[in-house]
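Working notes for the structure below.
Order of listing sets the numbers, starting from 1, for every ligand and every atom in it.
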Amino acid sequence: MTRSLYDLDAGQLQALVAEAGEPPYRARQLAHWLDGRRQPDPRRMSDLPGPLRARLADRFATARLTLERHQGGDGGWTHKFLFRLPGGDAVESVLMLYQRGGLRPPRSPQDPMVGDDWEGGPRGRATVCISTQAGCAMGCTFCATGQFGFTRQLSAGEVVEQVARVSTMLPELRPGPQAPDHLTNVVFMGMGEPFANPAATWGAAWRLHRGFGLSARAITISTVGLVPGIRRAAAEPLPVKLAVSIHAADDEVRDRLVPVNRSWPIAELLAGVGDYVAATRRRVSFEYALIAGVNDDPDQAGRLGRLLAPLRVPGSGGHAAHVNLIPYNPTPGIAFAPPSRNAVRRFRDAVAATGVPVSVRANRGVRIDAACGQLRTTAGRPGRRPPGVAGVAR
Ligand code: SAH
Ligand code: SF4
């Protein structure tokens, strides 16, 4: 199968240009289009000669991601994209815009509680959420992607290309001058488990940093809790942010929600995160999808706080854990429900009482199927379910 242009490194771009009988500086121009201007379409690389553009367009036409669907929500501040991959699978990417100077823009009385995630800082924020796999083999029982199954790994280039594509669409999608005009953050929180595809995840993270010029702190990788992946993140010289999807404070509840907990139960997961914090001195955010009657009891909040309170940044002694509560985004065909606003508040307050920093993440794009995997479920084809818990060797 032809690879994405973003799968090619500098040497491979040079070879490609040489093959076409063009001088070596054309390879630098091509790299500038891809990384500097984030333009994956050779036909738009206006300073390359016509025949080279045509040759590249021809050769890579079948390797590119095809935008199949685009849905806007939240008054134009959230955009969801479905990209068809070569070979027929589909993945989702989501763009979330945050206005300059503080809190989010349009707000309706029905909106869920708003946390500090909406704050855009002085320059605003434009975050793209990308996928690392078509589907996911982890089988989390509340997650549309997990219930859909796994079909294939993405290459590093396919991960990077999602960022490039969204980046080039951003100027047209801005809902107004208060919205940022360029991408500021990337989160690996779309479909798939990043640490079950480490080559593409780290390959993409490095390219986003070195090629696209994003600071490592602007890149967040979210994991369901694959401890070997967390250990690798501790050793990797790229200081990206780490998010761990914990979702429960005891193994009984977590086993039910996150099957991979049977391989790395909470104590082992927290030992891995403790080593990560000791090695990197970086804080870690813990994602907790609040589900009515399953994991939203204040007792569980207290237990969660007590589990995470001992995690401290060496030196400063400050809390290393930050809890991010995400009210469950209902998914057709899955019998879990979102918590009431009161339950969210009670849970947040009970975590805060333990001293652990906590915020509630606003649910973006509830009306545009923006929960992980939902758009693909309505448009994609079913995946295969690999045998065993996770398809990942311990
Ligand atoms: N596989 C990785 C990253 C992708 S999922 C992981 O699990 O961390 C990104 C986040 O969305 C995870 O925290 C996941 O648990 C959460 N999530 C998935 N479906 C959800 C839903 N319907 N409502 C709320 N959060 C959901
Ligand atoms: Fe995979 Fe993350 Fe969904 Fe679990 S929550 S099935 S790890 S994408």
| request: Please identify which atoms of ligand 2 are closer than 4.0 Å to at least one heavy atom of Met138. | output: 1 (Fe), 7 (S)
| query | Is there a heavy atom of Ala243 sitting under 4.0 angstrom from any atom of ligand 1? | reply | no
| query | Can you find an N or O of Ala289 that's nearer than 3.5 Å to an N or O of ligand 1? | reply | no
| request: Find all atoms of ligand 1 within a distance of less than 4.0 Å from any non-hydrogen atom belonging to Thr331, and give their numbers and elements. | output: 22 (N)
| request: Can you label the angle between the Phe142 ring and the His247 ring as parallel, tilted or perpendicular, going by 30° and 60°? | output: perpendicular
| said: Minimum distance, heavy atoms only, to atom 3 (C) of ligand 1: which one of Cys143, Gly146, Ser222, Cys129 is it? | reply: Ser222
| request: Check whether any N, O or S atom of Cys143, backbone or side chain, sits closer than 2.8 Å to atom 4 (Fe) of ligand 2. | output: no
| Closest to atom 2 (Fe) of ligand 2 among Gly192, Pro194, Gly146 (heavy-atom distance) | Gly192
| request: Can you tell me which residue pairs pass the salt bridge (charged side-chain N to carboxylate O under 4.0 Å, His left out) test with a partner in residues 234-254, sequence neighbours excluded? | output: Arg232-Glu236, Asp250-Arg303
| request: Report yes or no: does His247 have a heavy atom closer than 4.0 Å to ligand 1? | output: yes
| query | Would you call the rings of Phe347 and Tyr288 parallel, tilted or perpendicular if under 30° counts as parallel and over 60° as perpendicular? | reply | tilted
| field | Plane angle bin for Phe83 and Phe81 - parallel if under 30°, tilted between 30 and 60°, otherwise perpendicular | value | parallel
| Is it true that Gly192 lies under 4.0 Å from ligand 1, counting heavy atoms only? | yes
| said: Test of understanding: given a 4.0 Å heavy-atom threshold, classify the contact between Cys140 and ligand 2 as side chain, backbone, both, or neither. | reply: both
| Quick one: which ligand 1 atoms are inside 4.0 Å of a heavy atom on Asn329? | 21 (C), 22 (N), 23 (N), 24 (C)
| said: Using every non-hydrogen atom in the two residues, find where Thr201 and Pro194 come nearest and quote the distance to one decimal. | reply: OG1-O, 2.8 Å
| Does Glu287, backbone or side chain, put an N or O under 3.5 Å from an N or O of ligand 1? | no
| request: Just grab all the salt bridge (charged side-chain N to carboxylate O under 4.0 Å, His left out) pairs involving residues 203-220, residues at least two apart or on different chains. | output: Asp35-Arg207
| message | Quick check: closest heavy atoms across Glu19 and Arg55, and the distance to 0.1 Å? | response | O-NH2, 3.6 Å
| task | Would you mind listing which atoms of ligand 2 come within a distance below 4.0 Å of any non-hydrogen atom of Cys136? | result | 1 (Fe), 6 (S), 7 (S), 8 (S)
| said: I'd like to check Arg256 versus Asn295 (side-chain heavy atoms, cut-off strictly below 4.5 Å). Are they in contact? | reply: no
